[in-house]
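FYI, side chains are in, hydrogens and waters are out, and symmetry mates aren't considered; it's all heavy atoms of this structure. Chain A is the first sequence line, chain B the second, and so forth, proteins listed ahead of strands; every chain is numbered from 1.
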Amino acid sequence: MRFSKFFIPTLKEAPSEAEITSHRLMLRAGMIRKLSSGIYSYLPLGLMAIRKVENIIREEMNRVGAQEVLLPLVQPAELWKTSGRWHRYGKELLRLKDRHNREHCLGPTHEEVITNLVRYEVRSYRDLPLNLYQIHTKFRDEIRPRFGLMRCREFIMKDGYSFDIDDEAAEETYKIMYEAYERIFDRCGLVFRVVEAETGTIGGSFSHEFMAVSDVGEDTIVYCKNCSYAANIERAEVKNYSISEEKQRPIKEVYTPGYKTVEEVTSFLNVGPERIVKTILYLSDGKPLAALVRGDHEINESKLLRLLGCESLNLAPPDVIKEITGADVGFAGPVGINIKIVADNAIKGMRNFISGANRTDYHFMNINPGRDFKVEIFGDIRFIKEGDLCPKCGGELEFKRGIEVGHVFKLGTKYSKALRATYLDKRGKEQYIVMGCYGIGVGRTLAAIIEQNHDEHGIIFPLSVAPFSIYLLPIDLKDPEILNTAEKIYKKLRERGFDVLYDDRDVSPGIKFKDADLIGIPIRITLGRYLKEGKIEIRLRRSGETRIIPLNELELTLEKIFKYGTH
RNA sequence: CGGGACGUGGCGCAGCCUGGUAGCGCACCUGCAUGGGGCGCAGGUGGUCGCAGGUUCAAAUCCUGUCGUCCCGACCA
C-alpha cells in the first residue's frame, strides 16, 4: 500500500476525551473514529488489525472443528420471551419495533438464535456434536461506554456455541475450546491469565475468563502465588476465618447520635472496623432479608444471590428499612429484627461486636451470635480482599487488574430446556442437548494488545496482528537513486507476498519517522544516506535494533526476522 | 441513576469571573526553501462560540432550559 493513497488520517494530538493509551493511539494512528458514545467506525488500518485478530480466531476455531456461521443481528422478541431473558436482561438489551409494531431487539449475544436454529435441524444423536461460531457485530446498550474499543455499545465479537449429547462430551468440548483460547491469545501476543468467573446473565454452571493483564483493566483478578488458583474477584472464594476466644460480655446500648457509617461509628467509639458488623437489608424475590458482614468487609451480591438461590436481589428502599427496623437508615442491626438473617462466615467467630440497635441514634455493643440473635444461613458472601489467603492451598494471594478478552461458559441445558432443543439418543429416548458458549471481544482484544504493546512513540504491533509487517521509508524522494530503489523494493517485496506500507509521501523525513513509530509496523526499511554505499537500514520497532545491510541481503534478512521474530 | 467537568475552525486550547473588534498552536492552501526524527521563511482559507429561549443599547461572556461528550461511583454483565 502506498501511504499517499491510503486513508490513514494520523493525528499529532489525540482528542481530549481519550483517556487510556490504546484509545489515544488508535485515534492518533487513524484506526478508529467515534460516531457517538460507544459507537465507532473502523478505518482501513484499524480494520486490517481487526481482521488479523479475527483470522487467528478463525484458524484456531476451524482447527478444533468449529464451523463459521452468520446469525441475524435483529432478533424477534418472542424468542427472548421464550428463554425468559426479554424480562431479565434489562436495559442493556436495545429493543425496537418494526413497521408492523412487532417487537425486536438488537442481539447482545446469540444463545436464543443459535439454539432455535439447532433445535429444528438436530434430531438424532447422530447429528451431534456440533460446534458453531460467528464473528460479527453485537449491540449492548451499556450504561457507561468508555475507553474506546474497551467498552463499546456496538462491538465486534466472536461467539461460539457447542452442542453435545451429554455432560461428559460437553466437558471435553469445553476443554478443547479452553485450549484453543489459550492458543489464540498466545498468538495475539497477549500476557493473560485464565480465571474462574461469574456467569452473569448468560447463565450456566461455571465459566472461565481470559484476562489480559493490564492496569487499565476493569476487572480485578486474584491468583495464588503458590498454586494454580486464579479467579475473578467477583468469584474468588474466602475460606480463612478466625474464631475469637473472647469471653461474652453483656450487651449494652450506646448513644451514637447521627453516626451511621462504619467509618463514623469506628471513629466515634474509637474501635477498629473489624469490631463492627454491617447489616444490609435486601428484598430477595420481594421478601425482606438481612445480610451481615464485618465492618471492614464488602458484601458480594453475586455470592449472596447464589447462596440464596433466588431470582432477584435488590437493596431494600429506605421506607422498607424504616418499617423493618423502626429506625432511620444507618441503625439497622441483627438484634431484635424479625426477618431472615444471612451472615458471612466471619460473623460466626466474632464476639462482642458492635451493630445498629434498630433505634435511631443508637448502637449495641457486645453483641454475640447465637445468644443475641439467630442466623438462618452462614456462608461466604463477601468479597475477598488483600491479606486473605488462597482458598485452595492457604498460600499468599496476588491482586491484579485484567481486561476480559475471552469468556467460556458451560451452559448445560439452560437454553436447550427453555427452547426445547432435544435429540433422540441411541435408545430412542428424547434428551436435552448440552451446550457451551464461548466469546471473544475482538475489538477489546486489539485494545488489550495495544495496552500491552506500546511505548511513548506509539503502538508496537506484534507481527501476528500487525496491519502491515514492513514500513518502507525512503528519506528523500527527490533523490532519483532513493526513489528508484524504493519503487523496486516495494515491487519485489509485494511479489514475494510481504505486506508493505510504502511511505511515498513528499514530506520531511521526521514526519515519516514519527508516523512509522506511531502506527507501530514491526519492521522498518529506511532508504537514505547509506544507499550510496549500496546499503539500507532495517530497524525493528520493538527492540530498536538497527542493522545496516547490503541491498542484496534484504530478503534473506527479512526471512530471518520472520523466522525468529521481532523481539 | 447520583456526583464532577466540559462543549469556541479538523485537533489541542485561551478568552467567560469583570458583557462592547473572536484569538493562539497544530493541521490545511499558495510560494520559496529543505531532506535522518512532527524542519524554516512569507502569504492565505476556514468559526452565526452545541442548540433554544431570556436579560441588555449590546451576549462566546450573565440567567433558564435542552442536547451532546468525558470522568468517578452506582447499576448491569
Side-chain angles (χ1 to χ4, degrees), chain A residues 9-20 23-24 27-30 33-40 85 88-94 108-109 111 138-148 150-153 155 157 159 197-204 207 209 216 218-219 232-235 298-302 305 312-315 317 403-404 407 409 437 439 441 444 456-458 471 473-483 486 503 505-519 524-532 535-537 539 541 544 546 548:
Chain A
T10 59
L11 262 29
K12 208 178 267 189
E13 290 171 290
S16 55
E17 67 189 36
E19 287 283 318
I20 65 166
H23 189 195
R24 296 177 60 84
L27 287 169
R28 286 191 54 209
R33 287 293 183 263
K34 187 176 70 177
L35 180 62
S36 72
S37 180
I39 301 181
Y40 287 84
R85 288 207 293 186
R88 218 172 309 136
Y89 213 96
K91 287 188 184 157
E92 235 170 81
L93 186 65
L94 185 69
T109 174
E111 284 81 10
K138 296 265 185 285
F139 195 96
R140 293 182 187 170
D141 200 358
E142 290 282 346
I143 196 161
R144 185 146 92 84
R146 61 185 129 181
F147 300 152
M150 203 69 88
R151 182 171 289 274
C152 290
R153 296 197 290 167
F155 59 101
M157 181 173 176
D159 51 324
E198 274 297 328
T199 53
T201 44
I202 304 289
S207 76
E209 284 168 337
V216 300
E218 296 185 282
D219 291 277
N232 192 310
I233 196 164
E234 293 281 343
R235 177 75 189 215
E298 289 303 320
I299 193 156
N300 180 332
E301 291 184 8
S302 317
L305 192 79
S312 75
L313 185 71
N314 299 301
L315 278 174
I403 300 165
E404 182 194 346
H407 201 159
F409 300 79
C437 143
R444 188 182 276 186
E456 68 271 30
H457 302 294
Y471 195 100
L473 194 157
I475 293 289
D476 180 8
L477 290 168
K478 292 205 181 69
D479 181 329
E481 195 188 357
I482 292 179
L483 177 63
D503 197 342
R505 293 175 297 171
D506 183 22
V507 295
S508 82
I511 291 174
K512 297 185 184 184
F513 286 128
K514 290 290 182 188
D515 273 341
D517 286 347
L518 174 62
I519 295 165
R524 191 181 82 196
I525 301 174
T526 311
L527 272 50
R529 59 165 81 105
Y530 305 108
L531 198 58
K532 285 193 265 312
K535 288 179 177 171
I536 58 173
E537 177 189 307
R539 182 188 168 91
R541 175 70 179 89
T546 307
I548 314 294

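Straight-line distance between the C1' atoms of B:rG47 and B:rG4: roughly 29 Å, to the nearest whole Å. Comparing the same atom, P, in B:rG23 and in B:rU69 gives a spacing of 31 Å after rounding to whole Å. For the P atom pair drawn from B:rU66 and B:rU21, the interatomic distance equals 31 Å after rounding to whole Å.
Contacts of A:D506 with the nucleic acid, taken as non-hydrogen atoms under 4.0 Å apart, include base atoms. Residue A:R151 is classed as having no contact, given no heavy-atom separation below 4.0 Å to the nucleic acid. Among the protein residues, A:Y530 comes within range of the nucleic acid bases, having at least one heavy atom under 4.0 Å from a base atom. Within 4.0 Å of A:E17, counting heavy atoms only, lie sugar-phosphate atoms of the nucleic acid but no base atom. Contact annotation for A:E198: no contact, since no heavy-atom pair falls under 4.0 Å across all strands. Residue contacts for A:G90: at a heavy-atom cut-off of 4.0 Å it reaches no nucleic acid atom on any strand shown. Residue-level contact check: A:S508 touches the bases, meaning some heavy atom is under 4.0 Å from a base atom. Backbone-only engagement by A:E19 is indicated by non-hydrogen atom pairs under 4.0 Å involving sugar-phosphate atoms exclusively. No contact: A:A18 has no heavy atom under 4.0 Å from any strand. In this structure, A:K91 reaches neither bases nor backbone, as no heavy-atom distance under 4.0 Å exists between it and the strands shown. Here A:R33 lies out of heavy-atom contact (under 4.0 Å) with every strand. Residue-level contact check: A:D479 touches neither bases nor backbone, having no heavy atom under 4.0 Å from any strand.
Listed nucleotides B:rA77, B:rG37, B:rC72 differ in distance to A:R146; the shortest reach to its side chain belongs to B:rC72. Each of B:rC13, B:rG36, B:rG37 was ranked by its minimum atom distance to the side chain of A:K514; first place goes to B:rG37. When the nucleotides B:rC76, B:rC72, B:rU69 are ranked by their closest atom to the side chain of A:S36, B:rU69 comes out on top. In this structure, the nucleotide among B:rG12, B:rA77, B:rC71 sitting nearest to the side chain of A:F147 is B:rC71.
Dashed line: the shortest gap from a side-chain N or O of A:K12 to OP1 or OP2 of B:rA27 is under 4.0 Å. Here A:S16 does not reach the OP1 or OP2 of B:rC6: none of its side-chain N or O atoms lies under 4.0 Å away.
Between A:E209 and A:A14, the residue anchored closer to the 5' end of RNA chain B is A:A14, taking for each the nucleotide with the nearest heavy atom.
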